[in-house]
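Computed over heavy atoms, backbone and side chain alike; hydrogens, waters and symmetry mates excluded. Labels below follow one simple rule: chain letters A, B, ... track the order of the sequence lines, proteins then strands, and each chain is numbered from 1.
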Amino acid sequence: AQSVTQLGSHVSVSEGALVLLRCNYSSSVPPYLFWYVQYPNQGLQLLLKYTSAATLVKGINGFEAEFKKSETSFHLTKPSAHMSDAAEYFCAVSDRSNNDMRFGAGTRLTVKP
Amino acid sequence: EPEVTQTPSHQVTQMGQEVILRCVPISNHLYFYWYRQILGQKVEFLVSFYNNEISEKSEIFDDQFSVERPDGSNFTLKIRSTKLEDSAMYFCASSVTEQGGSGELFFGEGSRLTVL
């Protein structure tokens with residue numbers, strides 16, 4: 001069964017600094033990988049997804065993630081943090097055979113002025 | 001743009017009462033899901049549903065839970081006798097058309113259940 005591990009339950013950066021949220025996956029088959037963002041009291045919004053095309057995936061709000069098979073990683077980055085990026089970020093993996101999606105524990109991003 | 005809709009957005013109930021959470025998935029999707037998020041915790045898989053039957057369920061999805069697609073549009077989650085620990089946000093999702101899918105699940109805004 002597939003799973004993801006998010007390193008760091010809480011990340012704090014200064015406005016304008018690099019954002020790096022870590023995600024490692026485990027899957028017995030080539031996975032689909034996703035990052036979702038959740039703002040307070042809201043639902044899950046898809047940031048970006050990897051589905052076996054380009055390994056560097058660009059998403060909304062200036063975020064991107066790189067699929068690295070050798071490291072089983074799918075870390076999320078953004079060159080310059082904005083105050084509005086403060087939210088909970090979830091990495092997720094799904095199995096191509098059954099489409100069931102599994103989420104990581106989430107990383108809360110705080111952006112300091 | 002098509003979206004998954006959920007009702008109610010918030011329900012408060014007494015312990016032991018039955019609750020039904022409703023979802024209208026995207027119309028041409030074939031797979032349907034329920035996930036749960038206890039406040040401040042991770043999003044947990046409950047159940048997936050395909051071709052009018054459960055295709056997979058987690059340990060959380062015990063005999064107190066059931067799902068149903070009573071007509072061509074609704075997908076419901078029933079909790080037979082609610083417990084305090086059922087208080088959570090419940091997310092419905094759908095995916096995959098006849099033409100296939102990319103594994104992406106489309107989520108509703110969630111239904112917050114508070115059990116007193």
Side-chain angles (χ1 to χ4, degrees), chain A residues 1-10 21 23 25 27 29-54 57 59-60 65 67 74 87-110, chain B residues 1 3-7 9-10 21 23 25-26 29-51 53-61 88-112 114:
Chain A
Q2 66 274 26
S3 66
V4 289
T5 301
Q6 292 183 241
L7 299 176
S9 59
H10 191 192
L21 305 182
C23 173
Y25 70 90
S27 178
V29 298
Y32 292 136
L33 292 160
F34 307 84
W35 277 97
Y36 283 85
V37 61
Q38 185 180 36
Y39 298 101
N41 299 313
Q42 293 190 26
L44 298 164
Q45 181 182 2
L46 181 69
L47 269 180
L48 49 80
K49 61 182 179 182
Y50 166 76
T51 58
S52 80
V57 181
I60 62 172
F67 172 71
F74 191 58
E88 188 88 18
Y89 291 81
F90 293 96
C91 182
V93 61
S94 83
D95 185 328
R96 292 162 188 244
S97 63
N98 62 21
N99 292 292
D100 289 348
M101 184 176 287
R102 298 292 183 272
F103 286 81
T107 298
R108 181 170 300 278
L109 176 65
T110 302
Chain B
E1 185 174 324
E3 58 181 20
V4 176
T5 57
Q6 291 185 239
T7 55
S9 57
H10 189 192
L21 305 179
C23 169
I26 294 174
H29 281 181
L30 304 175
Y31 287 77
F32 314 111
Y33 310 81
W34 283 102
Y35 286 78
R36 179 183 82 174
Q37 185 183 30
I38 295 171
L39 186 63
Q41 298 187 26
K42 70 186 290 186
V43 179
E44 301 173 292
F45 170 77
L46 289 179
V47 66
S48 59
F49 191 87
Y50 171 71
N51 201 25
E53 60 183 25
I54 290 174
S55 54
E56 190 171 349
K57 60 183 181 179
S58 70
E59 299 169 347
I60 304 167
F61 195 87
M89 181 73 91
Y90 289 81
F91 291 105
C92 174
S94 68
S95 73
V96 187
T97 66
E98 290 283 354
Q99 287 70 43
S102 62
E104 179 182 352
L105 270 59
F106 295 79
F107 286 86
E109 290 290 307
S111 292
R112 180 171 298 284
T114 302

At their closest point, which heavy atom of F103(A) faces which heavy atom of V43(B), and how far apart are they?
CB-O, 3.5 Å

Contact between Y35(B) and M101(A) at the side-chain level, heavy atoms closer than 4.5 Å - yes or no?
yes

Just give me the residue among A105(A), A92(A), P31(A), G106(A) that pairs up with chain B most often, heavy atom to heavy atom, under 4.5 Å.
A105(A)

At a heavy-atom separation under 4.5 Å, does Q38(A) approach chain B through its side chain, its backbone, both, or neither?
side chain

Would you say that more than 12 heavy atoms from the other residues, nucleotides or ligands in this model lie under 6.0 Å from the CD1 of I60(A), or not?
yes

Atom pair OH (Y33(B)) and OG (S94(A)), whose distance is rounded to the nearest 0.5 Å
7.5 Å

Could you tell me the separation between the CZ atom of F91(B) and the OH atom of Y36(A), rounded to the nearest 0.5 Å?
11.5 Å

Counting heavy-atom pairs under 4.5 Å to chain A, which of Q37(B), Q6(B), E44(B) comes out on top?
Q37(B)

Rounding to 0.5 Å, atoms NZ (K42(B)) and OG (S9(A)) come to a distance of 13.0 Å

Which value, rounded to the nearest 0.5 Å, describes the distance between Y32(A) atom OH and E104(B) atom CD?
11.0 Å

